[in-house]
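Notes for the one structure printed next.
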There are 4 protein chains.
Amino acid sequence: MPRSPEQNRAIREKRMRQILEATLHVYRERGYHGTEMGAIARRAGLGRGLIYYYFKDKQDVFISLIRWTLSGWKELLEEVTETDQPVAARLGEILKKTCALSLEYSDVSYFHQTFSRDIGVLFPDRVDEVVQLYEENLWRPVRTLIQEGVETGEIQVPLELGERFFFSVLFGAINYERMIEESDLDQWVSTALYGLVGRRE
Amino acid sequence: MPRSPEQNRAIREKRMRQILEATLHVYRERGYHGTEMGAIARRAGLGRGLIYYYFKDKQDVFISLIRWTLSGWKELLEEVTETDQPVAARLGEILKKTCALSLEYSDVSYFHQTFSRDIGVLFPDRVDEVVQLYEENLWRPVRTLIQEGVETGEIQVPLELGERFFFSVLFGAINYERMIEESDLDQWVSTALYGLVGRRE
Amino acid sequence: MPRSPEQNRAIREKRMRQILEATLHVYRERGYHGTEMGAIARRAGLGRGLIYYYFKDKQDVFISLIRWTLSGWKELLEEVTETDQPVAARLGEILKKTCALSLEYSDVSYFHQTFSRDIGVLFPDRVDEVVQLYEENLWRPVRTLIQEGVETGEIQVPLELGERFFFSVLFGAINYERMIEESDLDQWVSTALYGLVGRRE
Amino acid sequence: MPRSPEQNRAIREKRMRQILEATLHVYRERGYHGTEMGAIARRAGLGRGLIYYYFKDKQDVFISLIRWTLSGWKELLEEVTETDQPVAARLGEILKKTCALSLEYSDVSYFHQTFSRDIGVLFPDRVDEVVQLYEENLWRPVRTLIQEGVETGEIQVPLELGERFFFSVLFGAINYERMIEESDLDQWVSTALYGLVGRRE
DNA sequence: GATGAATGAGGATTCATTCAT
DNA sequence: GATGAATGAATCCTCATTCAT
């Protein structure tokens, strides 16, 4: 007896998630070239060919992985940042929240930190598309916030510099080789914002 | 008549340099896996086999490249940093000098930024060896300087945080995807040091 | 519908046999180094990559070939030798049977005669493992028999000498460069055993 | 000042001997394919290119090695075998002398045992030439002797069988994997000749 | 939807041989 | 005569992708 469309959709969703999660895991250990399609299949507990049923090719798996994790990440961030505190406070929140998320989903954090860097080399054709994704989901929201701070005078450096500074500090905190300690986080935020807004928060 | 030992030494040195420079160039465009030995040879204007005459294998080429570039880099930095200015001033100099070098030798800068992160995946066996190289040539000199600042009270955050902060800011400036503009550099240094020493320099 | 596990098992067995048989054939003509993986694949009518699906590498193919042929050989011999005739008669049977098998499966015979001698050079790491295989499947059974003959007094020379003598005569008969003629076989056996047991059988 | 023709000849002879001896040594450890020209040169203490000054190519080195060692071997044997003892006694002498030589020049013995076997595969074009060398230097002298024994009635089996038997026993004794012990040699000869001439000598 | 057998293009590496000096 | 730098053809092996079932 054939499955209902509804059942098919559910299976589809489940399988794709299985594959993407497996990819995340294998990627963490082996990097892009070390992530063999067979290893993904094995980790996902599926047949090797099935991946090609749900994804066009290896590239498609990884681009999908970016999409999937970015959108989840964005949601998680939005919960925190759409408040009406002062800009500096919200930036501080973003830093803290991002660190917390990086700890909780360290594979995702690792994936973005390393993979985004390699896209120009791995998928030269799709750089724009991926940059666009990051822009929408990560950089723009933060930039908008900083812009607001610059306009209100809270932030004392130009927008571009402020943005660069913020992300430097952010990536410095979640660097997967030396993730910052929970206990140092407050001081980190304070030190970082000092540069931006001229006082320790 | 056979060549003299001296002539042979000169040839060898020249060839190794040619190969390493070619590697740097190809790596910039293609990344580690995209860097085919044949492409290195072509770029260096040499036969493919010659690379294996001078280097054990591809891994050896890259490890040698780390060594070679790191030692050069260190020399260039030392010229600037071994002065007797205040710590903050010297840190500022390091930032500026590193940025200048990153602009001048952008392939080297790109190489270190990307390759060092992949070593764990590419050469798991040699991570320690490579970390050691970075430690000696990069981390330690800067850490020593910051330590000094902490001891004299110039730097107002703990050593570890200070170090992390400094490198975050450093990497934020030379990030190969968006290298900082020459004209923003002073303000960048100032912003950065504000966080560390509590005043804009 | 995917194939049943049973079907897959059958395919695998068949393919491995195909590959090993092809190897045997190519080896006969080209020797170990001349046996290119591509030639094996071509001879087996399979894609080159498939060999690596079933065997780890070239070495694995050859070690498997030893195992496979030795076990078959042993079976064939056992049929003949587990009788209760006098030792000399059984040794004679072994000689004859081995010659018959060598004629029928001359590629296998050639393979063992040549390959076993090269293992020390080809796979220095696995010499022990292979020697063990020969010991169990070939030498021990014969040695046991000769031992019996020595104990009953049928054989008039010490065990070790007897063993060496028997194998010398055996290899002398099946030497692939000049395989002994069917018609000379009886006299050969007789001549050989004369040395061992002191009379022509 | 140019060398005299005489000096040149001496150098030439010396170099060729150096190369052939080095080849023998390396071959013992690595086999034909493992014997790299560079390793020969290194072992001989000469430059890599010089080998090609004295020999056409790798094949030529090995063919020359056969010639060189065979002729030396023949001389050594002739001293012993050109006596007027009975055939059986002379065959026994050959066995013993060959074993003694095999012990003394084990690299040469190893070389012939293994290399002669592989010629069909390594140099298919020159098989005839090499067989001819063995025929003249080894097989024929022995065959002639056995022939004599058959004619005088000393040897009780047909020529071809006798020859095969003799060489089987010979190779059984000097097998490089298990060279016969000095102390077993007399009994070995006796056992062997028993098969041929019907009595222990 | 699902499986895993099958393919072959692609890339690292080796090594006999050549050649400028 | 002598050296060792240089070459590139040849070969092993990997792995994304396809396909019969």
Side-chain angles (χ1 to χ4, degrees), chain A residues 2-3 7-8 11-12 15 33-42 46-59 61, chain B residues 1-5 7-12 14-15 33-41 45-59 61, chain C residues 1-5 7-12 14-15 33-41 45-59 61, chain D residues 2-3 7-8 11-12 15 33-42 46-59 61:
Chain A
R3 295 190 195 78
Q7 282 174 310
N8 276 334
I11 288 180
R12 195 171 176 78
R15 292 291 181 247
H33 284 97
T35 300
E36 301 161 28
M37 298 302 270
I40 295 176
R42 217 173 309 126
L46 302 170
R48 185 196 272 272
L50 198 61
I51 299 176
Y52 290 86
Y53 187 78
Y54 292 110
F55 299 93
K56 186 177 161 301
D57 53 19
K58 187 175 179 179
Q59 176 170 322
V61 173
Chain B
M1 280 298 109
R3 291 194 198 80
S4 72
Q7 282 174 308
N8 279 325
R9 209 193 45 65
I11 290 179
R12 287 222 297 276
K14 185 177 166 201
R15 293 293 179 247
H33 286 97
T35 299
E36 302 160 28
M37 298 304 269
I40 295 176
L46 302 170
R48 207 170 331 147
L50 199 61
I51 301 176
Y52 291 90
Y53 187 73
Y54 291 110
F55 299 94
K56 190 178 158 300
D57 52 19
K58 189 173 177 178
Q59 175 171 320
V61 173
Chain C
M1 278 301 110
R3 290 194 198 81
S4 72
Q7 283 174 304
N8 279 325
R9 210 194 44 67
I11 290 178
R12 288 222 296 276
K14 185 178 166 198
R15 292 294 179 248
H33 284 97
T35 300
E36 302 161 27
M37 299 303 270
I40 296 176
L46 302 170
R48 204 167 335 147
L50 199 61
I51 300 177
Y52 292 89
Y53 187 74
Y54 290 111
F55 299 93
K56 190 178 159 300
D57 53 19
K58 190 173 176 178
Q59 175 171 323
V61 174
Chain D
R3 296 191 196 76
Q7 281 174 311
N8 277 334
I11 290 180
R12 196 172 175 75
R15 292 290 182 248
H33 284 97
T35 300
E36 301 161 27
M37 297 303 271
I40 295 176
R42 218 172 307 125
L46 302 170
R48 186 194 270 276
L50 197 60
I51 300 177
Y52 289 87
Y53 186 77
Y54 291 110
F55 299 94
K56 185 176 163 300
D57 54 20
K58 188 175 179 178
Q59 176 172 320
V61 173

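Fair warning: this is a prediction, and the values are worked out from it, not measured in the lab. A, B, ... follow the sequence lines: proteins, then strands. Residue 1 opens every chain.
- Distance check, rounded to the nearest 0.5 Å: CD1 of I40(A) to CD1 of I51(A) gives 5.0 Å.
- Between R15(C) and dA6(E) there is a side-chain N or O to OP1 or OP2 distance below 4.0 Å.
- For the atom pair CZ (R12(C)) and CZ (R15(C)), the distance works out to 12.0 Å, reported to the nearest 0.5 Å.
- Contact record, Y52(A) with D57(A): CE2-CA, 3.9 Å, taken as the closest heavy-atom pair.
- Rounded to an integer number of Å, the gap from CD1 of I11(B) to P of dG4(F) is 12 Å.
- The shortest distance between the side-chain N/O atoms of Y54(D) and the OP1/OP2 oxygens of dG1(F) is not below 4.0 Å.
- No contact: I51(C) has no heavy atom under 4.0 Å from any strand.
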Base-contact (B) and sugar-phosphate-only (S) positions in nucleotides 14-21 of chain E, heavy-atom cut-off under 4.0 Å, - elsewhere: BSSBB--B

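- Shown here for R48(C) and G38(C), the closest heavy-atom pair between the two residues is CD-CA, 3.8 Å.
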Pairing annotation in dot-bracket form, given for DNA chain F with Watson-Crick or G-U pairs under 3.5 Å and | for cross-strand partners: .||||||||||||||||||||

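- Separating the CD1 atom of I40(C) from the P atom of dG8(E) is a distance of 17 Å, rounded to the nearest angstrom.
- Closest of all the heavy-atom pairs between T35(B) and K58(B) is O-NZ, 3.0 Å.
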